[in-house]
Amino acid sequence: MLKAFYYLNKDVLFLAEDLIGKTLCTNINNIFTCGIITETEAYAGVNDKASHAYNDRRTNRTEIMYSKGGVSYVYLCYGIHHLFNIVTNAKDIPHAILIRAIYPSIGIEEIEERRGRKLSKNLCVGPGKVSQALGINLLHNNLSLTGKEIWVQDDGVKINPSDIQVGPRIGVDYAEEDAKLPYRFWTTNYDFK
DNA sequence: TATAAGATTTACT
DNA sequence: GTAAATCTTATAT
């Protein structure tokens with residue numbers, strides 16, 4: 001389990017990259033599942049047109065992003081998919097990191113059950129799939145990541161820096177010039193274990 | 001109160 | 001490659 005100050009790091013890009021290779025765990029309804037994070041995107045606050053909090057748009061939904069770092073931000077996209085974010089930075093600075101992909105490590109049978117299909121390379125690639133695989137829904141919005149239902153831990157998985165790729169974010173074409181920012185991090189190194 | 005659009009996934013052609 | 005599924009949120013009447 002990572003310490004709370006980890007999430008208070010002020011460099012959301014550093015955290016997004018550093019989270020690659022960490023393990024995201026959930027214990028929901030007494031079902032324990034984990035996956036190694038393989039893809040993230042950073043959303044860098046009020047000056048980031050792709051962020052929900054762009055231009056200091058403080059609403060009921062985005063209020064969670066203004067919390068002190070270390071809590072979850074879960075919201076519904078396209079009416080179907082739950083997207084799971086990690087809120088970072090200090091109170092009133094709405095930075096967050098979207099978890100876009102994991103590699104299942106613990107509870108694979110439960111993950112297959114939730115996903116309704118068998119393990120494959122793409123089973124948990126895509127933010128909606130990640131949430132479904134780990135059982136995350138709107139009930140898990142605004143939860144502490146140092147609590148007992150959702151957390152991130154460091155299992156000592158080493159990722160070679162040359163295996164981490166950087167590029168533009170996905171699905172944010174509306175963000176104009178900010179859509180091109182290299183705020184997405186992912187690894188193609190699936191040789192965990 | 002009503003409307004439009006969205007940090008997507010899936011199945012089908 | 002295209003389209004359908006599906007509902008909350010933000011913004012405008």
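Since we're looking at a predicted model, the values are computed, not measured. The chains referred to below are lettered A, B, ... by the order of the sequence lines, with proteins before strands, and numbering in each begins at 1.
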Dot-bracket for DNA chain C: what is it, with Watson-Crick or G-U pairs under 3.5 Å, [ ] where a pair crosses earlier ones, and | for a pair to another strand?
|||||.||||||.

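Take A:T59 and apply the side-chain contact (heavy atoms from CB on, under 4.5 Å) test, not counting sequence neighbours, and it matches A:R57, A:R61, A:T62. Looking at residues two or more places apart in sequence or on another chain, you find no side-chain contact (heavy atoms from CB on, under 4.5 Å) involving A:I80. Applying the side-chain contact (heavy atoms from CB on, under 4.5 Å) rule to A:I93 yields the partners A:N89, A:A90, A:H95; only residues at least two apart in sequence or on another chain are considered.
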Considering only nitrogen or oxygen atoms on both sides, find all protein atoms under 3.5 Å from nucleotides 10-13 of chain B and state each distance.
unit_1: B:dT10; atom_1: OP1; unit_2: A:R115; atom_2: NH1; d: 3.0
unit_1: B:dT10; atom_1: OP1; unit_2: A:R115; atom_2: NH2; d: 3.1
unit_1: B:dT10; atom_1: OP2; unit_2: A:K129; atom_2: NZ; d: 3.4
unit_1: B:dA11; atom_1: OP1; unit_2: A:R117; atom_2: NH2; d: 3.4

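In the hydrophobic clustering of this structure, A:I170 does not group with A:F84; members are Ile, Leu, Val, Met, Phe, Trp, Tyr whose side-chain heavy atoms approach within less than 4.5 Å, directly or through other members. Note: the hydrophobic cluster containing A:L181 also contains A:L13 (ILVMFWY, side chain heavy atoms under 4.5 Å, direct or indirect links).
A:E112 places a side-chain N or O within 3.5 Å of a backbone atom of A:L119 that can act as its donor or acceptor partner.
When heavy atoms are screened at a 4.0 angstrom cut-off, A:R100 is found touching the sugar-phosphate backbone but no base atom. As judged by a 4.0 angstrom heavy-atom cut-off over every strand, A:L98 is placed among the base-contacting residues.
Through direct or relayed side-chain contacts under 4.5 Å between Ile, Leu, Val, Met, Phe, Trp and Tyr, A:Y78 connects to no other residue. Cluster partners of A:V172 are A:Y43, A:I64, A:M65, A:V71, A:Y73, A:Y75, A:L83, A:V87, A:L98, A:Y174, counting Ile, Leu, Val, Met, Phe, Trp and Tyr whose side-chain heavy atoms approach within less than 4.5 Å, directly or via other members. The hydrophobic cluster analysis finds A:I31 isolated: no Ile, Leu, Val, Met, Phe, Trp or Tyr side chain comes under 4.5 Å of it, directly or through other members.
Distances shorter than 4.0 Å separate none of the side-chain N or O atoms of A:Y73 from OP1 or OP2 on B:dA7.
Boundaries of the chain A contact region on DNA chain C are C:dA5 to C:dT11, first to last in 5' to 3' order (nucleotide atom under 4.0 Å from a heavy atom).
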For A:D178 and A:Y54, run side chain to side chain donor-acceptor pair (under 3.5 Å): C-alpha distance rounded to whole Å, both residues' side-chain angles, the deciding distance at 0.1 Å, then the answer.
CA-CA 11 Å; A:D178 287 346; A:Y54 172 63; over 6 Å; no

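Among residues at least two apart or in separate chains, salt bridge (Lys or Arg N to Asp or Glu O under 4.0 Å) pairs with a member in residues 92-110 of chain A are A:E39-A:R100, A:E41-A:R100, A:R58-A:D92.
Side chains of A:L15 and A:F185 form no contact here, defined as non-hydrogen atoms less than 4.5 Å apart.
Contacts between residues 54-69 of chain A and DNA chain C, counted as heavy-atom distances below 4.0 Å, involve A:R57, A:T59, A:R61. Using a 4.0 Å cutoff on non-hydrogen atoms, the parts of residues 78-87 of chain A near DNA chain C are A:Y78, A:G79, A:I80, ordered by number.
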